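Inspection log for the structure reproduced underneath, given as structure tokens.
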Amino acid sequence: VVSIVMYVLQSVSLYSIAKRRGIHHPWLAWIPFANVWLLGSISDRYKLRKYGYDPELRRTLLILSVVGSGGSVLINSFNLYNNTIRYGSLEMVPILLLLMVALAVLGITIAQTVYKMKAYYDLYASCKPKLAVLFLVLGIVTPAGPFLLYSCCDSDEGMPVKPQE
């Protein structure tokens with residue numbers, strides 16, 4: 001129940017921030033994998049306005065999420081096969097292959113976490129720039145992330161003004 005409440009709070013927050021910023025399809029906040037695209041889009045919009053470039057963090061986050069999840073599914077499938085069909089008898093080659101896939105998934109997960117933290121920092125900096133570092137640290141070391149995100153729903157203190165066209 002707590003996980004559902006946290007997911008809903010995070011989705012509502014991302015949705016409202018994306019909608020206010022004029023990002024297309026803010027409803028993606030409710031869809032797994034698509035919500036990291038939306039988080040990256042919010043970060044990209046901030047970087048574009050503040051520094052004049054689009055780092056395309058949205059694509060990087062989506063690719064890392066899909067590939068990392070695919071690798072995890074592969075590892076779990078192999079473990080399920082080994083435990084149910086073969087009754088625990090492993091040869092050396094599959095063990096090494098499994099170890100290489102596990103290390104690759106670990107690397108992808110670490111990269112995804114780093115890029116996600118960059119995106120959250122940009123989001124916090126665009127909403128409450130004086131509290132961005134504090135919010136990021138609290139979001140990392142406590143389960144307060146969705147609440148911190150929700151506190152940013154109505155704030156654009158750090159968002160640069162859209163340049164005139």
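Nothing here was measured: the structure is a model prediction, and the numbers come from that model. The figures here come from the full heavy-atom set of this structure, side chains too, leaving out hydrogens, waters and symmetry mates.
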Q: Please lay out, stage by stage, how Asp156 and Arg21 fare under the test salt bridge (Lys or Arg N to Asp or Glu O under 4.0 Å).
A: CA-CA 9 Å; Asp156 280 330; Arg21 303 266 171 93; 2.8 Å; yes
Q.
Could you walk me through whether Tyr124 and Leu149 satisfy the side-chain contact (heavy atoms from CB on, under 4.5 Å) test, starting with their C-alpha distance in whole Å, then the side-chain angles of each, then the deciding distance to 0.1 Å, before giving a yes or no?
A. CA-CA 8 Å; Tyr124 294 141; Leu149 198 58; 4.3 Å; yes
Q: Let me see the working for Ser43 and Tyr120 under side-chain contact (heavy atoms from CB on, under 4.5 Å), right down to the final yes or no.
A: CA-CA 7 Å; Ser43 172; Tyr120 275 116; over 6 Å; no
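Pro26 approaches Ile23 most closely through the heavy-atom pair CD-O, 3.5 Å. Here the closest heavy-atom approach between residue Val105 and residue Gly68 is recorded as CG1-O, 4.1 Å. Pairing each heavy atom of Arg59 with each of Trp37, the nearest pair is CG-CZ3, 3.7 Å. Closest approach of Pro143 to Met6, counting heavy atoms only: O-CE, 2.8 Å. Summarising the geometry of Leu148 relative to Gly139, their closest heavy-atom pair is CD1-N, 3.7 Å, with the distance given to 0.1 Å. Between Ala125 and Tyr46, the closest heavy-atom pair is CB-OH, 3.7 Å.
Counting heavy atoms from C-beta outward, Gln10 and Tyr150 have side chains that stay 4.5 Å or more apart. A heavy-atom distance below 4.5 Å is not found between the side chains of Phe147 and Ser13. Inter-residue side-chain proximity for Ile42 and Asp122 is flagged as unmet; no heavy-atom pair is nearer than 4.5 Å. Under the 4.5 Å side-chain criterion, counting only non-hydrogen atoms from C-beta, Met117 is not in contact with Tyr121. At least one side-chain heavy atom of Phe135 sits less than 4.5 Å from a side-chain heavy atom of Cys152.
Follow the hydrophobic side-chain contacts under 4.5 Å out from Val141 and you reach Leu123 in the same cluster. Hydrophobic clustering, with ILVMFWY side chains joined whenever heavy atoms are under 4.5 angstrom apart, keeps Leu38 apart from Ile31. No chain of hydrophobic side-chain contacts below 4.5 Å, direct or via other Ile, Leu, Val, Met, Phe, Trp or Tyr residues, connects Leu39 to Leu64. The cluster map of Ile, Leu, Val, Met, Phe, Trp and Tyr, joined by side-chain heavy atoms under 4.5 Å apart, puts Val133 and Ile140 in the same cluster. Tyr15 and Met159 are not part of a single hydrophobic cluster, where members link through side-chain heavy atoms under 4.5 Å apart.
Note that CD1 of Ile63 is 12.0 Å distant from CD of Gln112, once rounded to the nearest 0.5 Å. Interatomic distance, Arg45 CZ to Leu48 CG, rounded to the nearest 0.5 Å: 7.5 Å. Atom CG of residue Leu28 and atom OG of residue Ser41 lie 8.0 Å apart, to the nearest 0.5 angstrom. To the nearest 0.5 angstrom, Leu57 atom CG is 5.5 Å from Asp44 atom CG. For the atom pair NZ (Lys116) and OG1 (Thr60), the distance works out to 14.0 Å, reported to the nearest 0.5 Å. Atoms OG1 and CG, from Thr113 and Leu61 in turn, are 10.0 Å apart once rounded to the nearest 0.5 Å.
Between Tyr53 and Tyr51, the angle of the ring planes lies from 30° to 60°, which puts this pair in the tilted group.
Remark: side-chain polar atoms of Ser65 are not paired, donor with acceptor, to backbone N or O of Phe33 under 3.5 angstrom. Judged by distance alone, the side chain of Ser126 and the main-chain N or O of Gly158 form no donor-acceptor pair under 3.5 Å.
Within a 6.0 Å radius of OH in Tyr115, other residues, nucleotides and ligands contribute 12 heavy atoms or fewer. Within 6.0 Å of CD1 in Ile4 there are 12 or fewer heavy atoms belonging to other residues, nucleotides or ligands.
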